[in-house]
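I'd like to ask some things about the structure below.
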Amino acid sequence: MVICPPKRPGDAIDTLINALTPLGETIHIVARKRIAWGTRDKSYIYLVIQGEVSVLRISDGLLLGTTNEPHVLGFTEMFCPIRSNLIRAETACTLIRVDASLVIPEIERLSLWRAVAELSTYHTTFMLYRDMQIVNQRTPPVVHQYLQELDKLPTERKYQVNILSYIQERTGLSRSSILNVVSSLKRNKYIDYERGGYKLKINNLPD
């Protein structure tokens, strides 16, 4: 069964970016650089303006989610700073970093709590969607789900991504179990890819 992801709250995200941009500083991040949510004394909200970023769990490096569209990250850590995850730039990125102490007064002033609630609900629902994909699931449908997700990336980006690494980072499955499924799919001509596991092409995945 194919599980559909929750709908991105584009209007709420755009509203928050427009409201918070004047409060922050623009930073340019190189690909693969990791970014903390703040320091011991200060938290930040990050506005993703351009590029692709992921959120990773610190304890084991599991990738919890990725976005290559404008986004707002950091409200959860601002309200409940457990510092259990971090941001990683997957490509060169442009972000706006906003001191969290400036955010709540601006949200109050502009009455933007609904936008914050929509964004926070989206993040919570996305984590439930992610768990439905991988928890107590057999390996083949999990691999199929992430192959379809990988296939939806922009073409240039998709061709830079290794299939095994992409799936393993997001699921915690062993490389051998992923390789068994992927190799079988290629052998039966359901998918194709070039040497090294790049340039995925889906022909028709089995049910």
Side-chain angles (χ1 to χ4, degrees), residues 1-10 12-13 32 34-37 46 48 52-69 71-90 116-154 157-158 160-188 190-191 193 197-198 200-207:
M1 179 181 68
V2 176
I3 305 169
C4 296
K7 183 179 179 182
R8 175 179 175 274
I13 291 170
R32 308 303 288 181
R34 298 186 174 201
I35 311 163
W37 294 111
Y46 289 97
V48 180
E52 180 180 326
V53 300
S54 297
V55 176
L56 281 72
R57 193 162 65 194
I58 292 174
S59 60
D60 56 6
L62 189 71
L63 196 154
L64 304 176
T66 300
T67 182
N68 52 28
E69 298 179 274
H71 210 82
V72 181
L73 299 170
F75 278 111
T76 301
E77 285 295 319
M78 184 178 76
F79 292 124
C80 186
I82 59 176
R83 300 294 192 262
S84 63
N85 51 59
L86 50 78
I87 305 171
R88 184 179 71 193
E90 303 298 343
V116 174
E118 288 183 13
L119 177 63
S120 298
T121 300
Y122 169 73
H123 288 161
T124 300
T125 307
F126 184 88
M127 292 307 297
L128 292 172
Y129 155 75
R130 182 189 168 279
D131 285 350
M132 289 173 65
Q133 286 181 295
I134 64 176
V135 175
N136 296 326
Q137 297 289 337
R138 295 181 301 109
T139 298
V142 172
V143 172
H144 293 183
Q145 187 80 23
Y146 280 96
L147 286 172
Q148 290 175 318
E149 182 178 289
L150 172 56
D151 192 49
K152 293 176 183 176
L153 291 178
R157 177 66 179 142
K158 181 173 69 173
Q160 297 171 346
V161 176
N162 176 270
I163 297 170
L164 294 186
S165 296
Y166 184 90
I167 297 173
Q168 187 178 36
E169 272 198 318
R170 288 159 175 78
T171 63
L173 294 170
S174 68
R175 290 181 69 86
S176 60
S177 62
I178 299 169
L179 182 60
N180 285 340
V181 176
V182 170
S183 297
S184 175
L185 290 172
K186 183 176 183 181
R187 187 166 56 251
N188 290 289
Y190 290 114
I191 65 172
Y193 52 85
Y198 292 88
L200 169 69
K201 179 185 177 184
I202 293 179
N203 298 320
N204 183 28
L205 288 176
D207 293 334

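All values reported here derive from a predicted model rather than from experimental measurement.
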### Query
Glu90 and Arg32: which non-hydrogen atoms are nearest, and at how many Å?
OE1-NH1, 2.7 Å
### Task
Show your reasoning for whether side-chain contact (heavy atoms from CB on, under 4.5 Å) applies to Tyr190 and Ile202.
CA-CA 6 Å; Tyr190 290 114; Ile202 293 179; over 6 Å; no
### Task
May I have the step-by-step check of side-chain contact (heavy atoms from CB on, under 4.5 Å) for His71 and Tyr46, ending in yes or no?
CA-CA 8 Å; His71 210 82; Tyr46 289 97; over 6 Å; no
### Task
Could you tell me how the ring of Tyr122 sits relative to the ring of Phe126: parallel (under 30°), tilted (30 to 60°) or perpendicular (over 60°)?
tilted
### Task
Might you point out which heavy atoms bring Gln137 and Val142 nearest each other, and give the distance in Å?
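Gln137 and Val142 have their closest heavy atoms at CB-CG2, 3.5 Å.
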### Heavy-atom side-chain proximity of Val161 to Tyr198 below 4.5 angstrom
no
### Query
So do the side chains of Asn203 and Ile191 get within less than 4.5 Å of each other, counting heavy atoms only?
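Sidechains of Ile191 and Asn203: no contact.
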### Message
Could you walk me through whether Lys7 and Glu118 satisfy the salt bridge (Lys or Arg N to Asp or Glu O under 4.0 Å) test, starting with their C-alpha distance in whole Å, then the side-chain angles of each, then the deciding distance to 0.1 Å, before giving a yes or no?
### Response
CA-CA 11 Å; Lys7 183 179 179 182; Glu118 288 183 13; over 6 Å; no
### Task
Compare every heavy atom of Leu86 with every heavy atom of Ile35, then report the nearest pair and how far apart it is.
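Looks like O-CB, 3.5 Å.
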### Summary
When rounded to the nearest 0.5 Å, the distance separating OG of Ser54 from CD of Glu169 is 7.5 Å
### Query
Listed by chain and number, what are the side-chain hydrogen bond (donor to acceptor under 3.5 Å, both in side chains) partners of Glu52, not counting sequence neighbours?
Arg157
### salt bridge (Lys or Arg N to Asp or Glu O under 4.0 Å): pairs with one or both residues in residues 135-153, sequence neighbours excluded
Glu149-Arg170, Asp151-Lys158
### Task
Any chance you could measure His123, atom NE2, to Leu73, atom CG, to the nearest 0.5 Å?
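Reported to 0.5 Å precision, the distance equals 5.5 Å.
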### Query
Of the non-hydrogen atoms in His144 and Leu205, which two are nearest, and what is the gap between them?
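Residues His144 and Leu205, closest heavy atoms: O-CD1, 3.8 Å.
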### Query
Are side-chain heavy atoms of Gln168 and Leu173 found at a separation under 4.5 Å?
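No, too far: nothing below the 4.5 Å cut-off.
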### Query
Once you round to the nearest 0.5 Å, how far does CD1 of Ile167 lie from OG of Ser177?
9.5 Å
### Task
Identify the heavy atoms of Leu147 and Leu200 that sit nearest to each other, and give their distance.
O-CD2, 3.5 Å
### Query
In Å, rounded to the nearest 0.5 Å, how long is the span from CD1 of Ile178 to CG of Leu164?
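CG of Leu164 is found 6.5 Å from CD1 of Ile178.
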### Task
Write down the atom of Glu77, the atom of Ile82, and the distance for their closest heavy-atom approach.
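Minimum heavy-atom separation between Glu77 and Ile82: OE1-N, 3.5 Å.
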### Message
For the residue pair Lys186 and Tyr193, would you count it as a cation-pi contact if the rule is NZ or CZ under 6.0 angstrom from the ring centre and within 45 degrees of the ring axis?
### Response
yes
### Leu153 side, atom CG; Gln160 side, atom CD - distance, nearest 0.5 Å
10.0 Å
### Query
Hey, mind stepping through Thr124 and Thr121 against side chain to side chain donor-acceptor pair (under 3.5 Å) and telling me if it holds?
CA-CA 5 Å; Thr124 300; Thr121 300; over 6 Å; no
### Summary
So CG of Leu56 and CG of Asn85: to nearest 0.5 Å the spacing works out to 8.5 Å
